[in-house]
Amino acid sequence: MPSASLMRKLVQRYRDLGTKVTYVPAKCDDTELITNTYRWTTDLFGMQTIDWIDAKLKNASS
């Protein structure tokens, strides 16, 4: 599994090449696990992007 630092480098590489990139890092630290288990779980499994994708698709069809 890629590390966060590798992901940030990949995002920067795409930006350097002129690609518009939206990068929202997961927040899966211990504090989030204790204070907001729902968000921690959805971020851990990559589900935080579902709302973003839904909004993009709705805007594209408008």
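Heavy-atom basis, side chains included; hydrogens, waters and symmetry copies ignored. Starting from 1, each residue takes its place in the sequence as its number.
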_Take a 6.0 Å sphere around CG of Asp30 and say whether it holds more than 12 heavy atoms from other residues, nucleotides or ligands._
no
*Quick one: salt bridge (charged side-chain N to carboxylate O under 4.0 Å, His left out) partners of Arg39, sequence neighbours excluded?*
Glu32, Asp43
_Test side chain to side chain contact (heavy atoms under 4.5 Å, CB included) applied to Ile34 - qualifying residues, sequence neighbours left out_ = none
Let me have the donor-acceptor pairs involving side chains of residues 11-24, under 3.5 Å, with sequence neighbours excluded, atom names and distances please.
unit_1, atom_1, unit_2, atom_2, d
Gln12, NE2, Asp16, OD1, 2.7
Arg15, NH2, Val21, O, 3.0

*With sequence neighbours left out, write down each residue that passes salt bridge (charged side-chain N to carboxylate O under 4.0 Å, His left out) with Asp54, or none if nothing qualifies.*
Lys58
*Taking atom OG1 of Thr41 and atom CG of Leu33, what is their separation to the nearest 0.5 Å?*
7.5 Å
